Amino acid sequence: MPVSEKATLELMDLRRSVENGETISYEFRRKQLLLLREAILRYEDEIYDALFQDLRKSREEAYATEIGIVLMEIRHILNNLHKWTRAESVKTNLLNFPSSAKIIRDPLGVVLIIAPWNYPIQLLLMPLVGAIAGGNTVVLKPSELAPACAGLMEKMIKEIFSNNHVAIICGDGAEVIPCLMRKFRFDHVFYTGSTAVGASIYQLAAKQLTPVTLELGGKSPAIIEKDANLEVAARRIALGKFLNAGQTCVAPDYLLVHVSVREKFLEQLKKSVADFFGKNAFTSSSYGRIINSKRFDTLVEYLSAGEVVYGGNHNREELYISPTIMENICPDSTLMSDEIFGPILPVFYYECIEEAAILILKNPTPLALYVFTSNKETEEKWMSRFRFGGGCINNTVWHLSNHHLPFGGIGTSGFGAYHGKHSINRFTHAKPILKTPNWFDPSIKYPPFEGKLKWFKKMIR
Ligand code: NAD
């Protein structure tokens, strides 16, 4: 659907709403957040149905990873909205005595939010919460690859918001987005999705000097040290990896297991997968499906890159791939250069951190890194050795759900973090203001400057 002149005119309405200051008051932002919360609760059943259609998510998984997490974010931001968005007084240095100083949190303006298909509700609405709390007007672009969710979000957003404040545009991203970004200058683009598309969004934005946030992917390793609690580690890895059939940006992409615990750990991992999804995950209501046949075919090809030691079953018609563990993988295969983004878990073995580092640094700056150990020094050694977006010690994935932590990538996994207060910072401009009274105006600050150097050196240091 090409972007029509009408759509461009509607974008001008969003711009006018910002310029008129309609979205700036605390009351307005609060009302928008309450409207969103109320709509999510009202649409709860329809959201479950749409997520089941697109990804066969269970209601429980849908609540925990899509609906509940957004409700939690709204509640956290509402509780702190006034404190986080009001002007903040800061100290003034000697040079500027007796001025006072403050930081005003200004909306960025018109923000474009582009979401992917894997958590099609959460990843569309979480940034929206931050953007409206920041006083912006917003254009939402859901992923066409999760059509039931995109259609439902279009209906919900149009019902609750005036399209002068929050608009939604659906359709094929490759067609819609470049056209939109060429015709209209957004004040910020917040993109979640693959690194390749992220790079093209970045280029489009650069032409108009539009700042961007890129929430991308990468190959996130999980490390199991010899002193890890293997039973707990196996459970937490199995959950993080096979949730949403592996289609989670922060899922452990591959494992590095200390060679001394190889057999014991693998045994525990297989047991955890069987405990979670039964002998045949196809019949488990807790196990999802691959988004489409294109992704299915790519994932099935990965199975030939090594030895399948658990699972490996698949059914194209049903878009089903069972939870799969692989060993003896060629480190140069596409399985180890692409982000897997599916229920296939390659396992490698290492003896020392530097041996593991060779594999990790082949895909540097992952979105997440996880380490399992009972030793504080070991934990610090792994945490400080690599650069990565964020991570967990003795856990996987859950750091994303703590709204006190910033969430985002580094390097090729993206830049700019959000969630909680970090979302307010992301979607506002920190405008610094200095206020100087008139009663004190020493001549030392004005020309002629001859002979004043020694005073400048006392005041400016
Ligand atoms: P996707 O194909 O749904 O694309 C994301 C968005 O980009 C969609 O709205 C789509 O319409 C749009 N798009 C697609 N092609 C485009 C183009 N050529 N030009 C402009 N826009 C285009 O999703 P995806 O990219 O397959 O998502 C999977 C990737 O996203 C994985 O790499 C995953 O790790 C990453 N991801 C990251 C996070 C995070 O928070 N960092 C979260 C989820 C997914």
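Here, residue 1 is the first one in the sequence, and each next residue gets the next number. Numbering of ligands and ligand atoms starts at 1, following listing order. From a predicted model like this one, the values you see are computed outputs, not experimental measurements. These values consider heavy atoms only, across backbone and side chains, with no hydrogens, waters or symmetry-generated copies.
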Polar contact flag for Asn118 and ligand 1 (N/O pairs, less than 3.5 Å): no

Side-chain donor/acceptor of Glu339 to backbone N/O of Asp253, under 3.5 Å: no

Phe427 ring center near Phe190 ring center (under 6.0 Å): yes

Ligand-side contact atoms (ligand 1) for residue partner Ile201, heavy atom cut-off under 4.0 Å: 20 (C), 21 (N)

Protein contact of atom 41 (N) of ligand 1 - nearest heavy atom, named by residue and atom, plus distance: Leu216 O, 2.7 Å

Identity of the nearest option to atom 17 (C) of ligand 1, non-hydrogen atoms only, from Gly414, Ala174, Ala417: Ala174

Ion pair check, Arg426 and Glu215, cut-off under 4.0 Å: no

Val197 N/O under 3.5 Å from ligand 1 N/O: no

Asn136 side chain vs Ala131 backbone, donor-acceptor pair below 3.5 Å: yes

Donor-acceptor contact present, side-chain Ser58 to main-chain Glu61, <3.5 Å: yes

Within-cut-off N or O pair, Trp117 and ligand 1, under 3.5 Å: yes

For Thr192, atoms of ligand 1 separated by under 4.0 Å from a heavy atom: 5 (C), 37 (C), 38 (C), 39 (C), 40 (O), 42 (C), 43 (C)

Proximal ligand 1 atoms for Ile114, defined as those under 4.0 Å from one of its heavy atoms: 6 (C), 7 (O), 9 (O)

Pair Tyr202 + Phe415: ring centers closer than 6.0 Å: yes

Those atoms of ligand 1 less than 4.0 Å from some heavy atom in Leu145: 2 (O)

Contacting atoms of ligand 1, where contact means under 4.0 angstrom from a heavy atom of Leu123: 42 (C), 43 (C)

Ser413 N/O under 3.5 Å from ligand 1 N/O: no

Enumerated ligand 1 atoms positioned under 4.0 Å from heavy atoms of Phe407: 40 (O)

Shortest protein contact, atom 25 (O) of ligand 1 (heavy atom only): Ser194 N, 2.8 Å

Shortest protein contact, atom 30 (O) of ligand 1 (heavy atom only): Gly193 C, 2.9 Å

Nearest-neighbour protein heavy atom for atom 6 (C) of ligand 1, which is reported as residue plus atom name and distance: Ala115 O, 3.4 Å

Side-chain touch Tyr119/Leu55, heavy atoms, less than 4.5 angstrom: no

Check: Phe184 ring centre within less than 6.0 Å of Phe186 ring centre: yes

Ligand-side contact atoms (ligand 1) for residue partner Glu144, heavy atom cut-off under 4.0 Å: 10 (C), 11 (O)

Near-ring test Tyr349/His258, centroid separation under 6.0 angstrom: no

Nearest neighbour in protein (non-hydrogen) for atom 28 (C) of ligand 1: Phe341 CE2, 3.6 Å

More than 12 heavy atoms of other groups within 6.0 Å of Glu19 CD: yes

Nearest neighbour in protein (non-hydrogen) for atom 36 (N) of ligand 1: Cys249 CB, 3.5 Å

Side-chain donor/acceptor of Arg185 to backbone N/O of Leu209, under 3.5 Å: yes

Any N/O pair Lys141/ligand 1 closer than 3.5 Å: yes

Sub-4.0 Å heavy-atom contact, Pro142 with ligand 1: yes

Glu215: numbered ligand 1 atoms lying under 4.0 Å from its heavy atoms: 37 (C), 38 (C), 39 (C), 40 (O), 41 (N)

Main-chain N/O of Lys219 paired to Asn363 side chain as donor or acceptor, under 3.5 Å: no

Between Thr365 and Ser413: side-chain donor-acceptor atoms closer than 3.5 Å: no

Atom 21 (N) of ligand 1: nearest protein contact (heavy atom, Å): Ile177 CD1, 3.3 Å

Contact check: Ser143 vs ligand 1, nitrogen or oxygen atoms, below 3.5 angstrom: yes

Side chain proximity check, Tyr254 to Ile329, heavy atoms < 4.5 angstrom: no

Within 6.0 Å of CZ in Arg75, more than 12 heavy atoms from elsewhere: no

Closest to atom 27 (O) of ligand 1 (judged by heavy-atom distance), picking from Pro366, Gly218, Pro116: Pro116

Distance-only N or O hit between ligand 1 and Ser200, under 3.5 Å: no

Proximity flag Gly409 to ligand 1, non-hydrogen atoms under 4.0 Å: no

